[in-house]
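Protein chains get the first letters and strands the later ones, always in sequence-line order, with residue 1 at the start of each.
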Amino acid sequence: MGEPVITAEKVFFSYDGVPVIENASFSVAEREFLAVIGPNGSGKSTLVKLILGLLRPDSGKIRVFGKSPRKNSHCFGYVPQDVAINRSFPISVIDVVLMGRLRHHGSSRIRDRDRKSAVESLERMGMAGYENRKIDDLSGGQRERVFIARALTTDPDILILDEPTASVDTGGQAELYSLLRELNRTKTIIMVSHDLMVMSSSVTAVACVNRHVYYHDQGEITQDMLDMGYQCPVELIAHGQPHRILKTHEDES
Amino acid sequence: MIEALQFEFMRNALFAGLFASLICGVIGTFVLVNRLVFLTGGIAHATYGGIGVALFFGIPYVFGTLGFSLGAALIMTAVTMKAPQRSDTFIGVLWAVGMAIGIILIDLSPGYNVDLMSYLFGSILAVPAGDLWWMTGMGAVTLAVTIYFYRDMIAISYDVEFARLRGVPVHLLYFLFMALVAVSIVFIIRVVGLILVIALLSIPPYIAEKYAKSLGAMMVIAVILSAVFNITGLWVAYMLDLTSGASIILMAAAGFFISLAIDLLISRRRKRAAAQSRAENSPACGCGL
């Protein structure tokens, strides 16, 4: 793996005085497949938004290709959490994907070229023919593919997905992982997940977030990491010998 | 209705209603999908302060109300961006303060007193031809801005974080659209009153949202619906000799409740169909699903 594409140095962030991220330092190498894991409310989405430049750290520094994230925001393809999106909004699939081509040539106009790129991205995600369907009429898994298509049509260097498997069934998840593996050949991928169904054969690094960030540049999840970052029942499939670790809540009898 | 159009004031009322429909359908769609109905109500009410200022200082009505509505829009939008969780309180305060300033200044103005009722319900039957020109201009500006920034408007309304990552100047556009809302409100209140503005900004887009596949389609449906409410409302008012503004609002309200009833019927029928297919299928597969 080459030069780091993202570096974080002693990053602190708080909401209304409540610390969410404390003293996070790590660097993400090029073409890394980083899984960001941690329990609900641990600050995973916040960490991702700090990397994207949507939030500003209270202190510390984040650099993307050597510049502030805001200056390099065109490098990101972002797939937000499905639940964060207004569901009743009247919008067709193609209009969602075309958002990825906004300001592609510096203006707010959409050209034929952009339309072609949007259709290609949809084809790549197996969603050809759905262009004029209303997004609200699709299933959770289909919506997820549309959002990934939107991210891909921006031609990103770094693909960031926030809980992409939350509304996808098991078969769809396997398909999603094989697609991400393929994209990983040319792109750095950061994927947030809270259910820890991590396919370690794809993942090359893991960040455990629980206010602190524990970064491991190996795609394996060890008992130590779980003890540090994760205090919930977890289920994981690890590289090599598949095994499950089930840890119960301490406050449960 | 046809013979009523022989009167110039009736023709003006009809045109005013149609222009108001055009502006409200387009602006109202933006307001509704961004959940800004309350904020818009706040701007509309705060403009009453502008009427008071105009009267008290003897400046033209347009400058007073434009100043107040733009000022209220800018402050409310800024607060909504900075502290979204408390913005409703702040809007409520500005709403009341604007109206209170208006009433006090009108009290203090010598002689002539503005009728609060005509401000609330407008006087669509007394629209002077000059105002129609203003509304035509406003309609053209609203349409031009919306068409030019259509893609950006979709992006910031649907997924503002993604829009920001694409380099869309989110804050600037938000202020631009809110300024458009504020200016539209001023000219429409003048003819149809403040209550009708809020009704026309919210009811037609609300109904349109359920049937539209895109933001543009939602705007077109909302414009058509509000034109229908305006024409039928005017007709009823003329036939039965009722207050026109209130008649138009009741037409819109009727449309609102009819659409709710239709929704209810459709969802009931769907449920029944689903239950029926479950009943037919369950013996065969035996799993009860």
Let me know which of T154(A), V79(A), V96(A) forms a side-chain contact (heavy atoms from CB on, under 4.5 Å) with F162(B). T154(A)
May I have all residue pairs that pass salt bridge (charged side-chain N to carboxylate O under 4.0 Å, His left out) and include part of residues 80-96 of chain B, sequence neighbours excluded? none
Side-chain contact test, heavy atoms from C-beta onward, threshold under 4.5 Å: evaluate it for K49(A) versus E161(B) and give yes or no. yes
Give the interface residues of residues 53-73 of chain A toward chain B, defined by a heavy-atom separation under 4.5 Å. L54(A), S73(A)
Mind running side chain to side chain contact (heavy atoms under 4.5 Å, CB included) on H74(A) and L165(B) for me, showing each step along the way? CA-CA 6 Å; H74(A) 58 90; L165(B) 286 176; over 6 Å; no
Looking only at heavy atoms, the pair that brings P90(A) and A212(B) closest together is CB-O, 3.5 Å
Taking only heavy atoms into account, what residues of residues 117-143 of chain A are found under 4.5 Å from chain B? N132(A), K134(A), I135(A)
List the steps and the verdict of side chain to side chain contact (heavy atoms under 4.5 Å, CB included) for D152(B) and L102(A). CA-CA 8 Å; D152(B) 289 331; L102(A) 271 178; 3.5 Å; yes
Greatest number of non-hydrogen atom pairs under 4.5 angstrom with chain B, of G100(A), A151(A), S92(A), falls to G100(A)
Drop me the distance from M218(B)'s CE to I91(A)'s CD1, to the nearest 0.5 angstrom. 12.0 Å
4.5 Å side-chain heavy-atom contact, S88(A) and V33(B): no
Less than 4.5 Å to any heavy atom of chain A: does that hold for the side chain of S157(B), its backbone, both, or neither? both
Sort and list the pairs that fulfil side-chain hydrogen bond (donor to acceptor under 3.5 Å, both in side chains) and have at least one residue in residues 250-263 of chain B, not counting sequence neighbours. K210(B)-S259(B), K210(B)-D263(B)
For F89(A) and D159(B), what are the C-alpha separation, side-chain angles and deciding distance, and is it a side chain to side chain contact (heavy atoms under 4.5 Å, CB included)? CA-CA 10 Å; F89(A) 197 94; D159(B) 188 347; over 6 Å; no
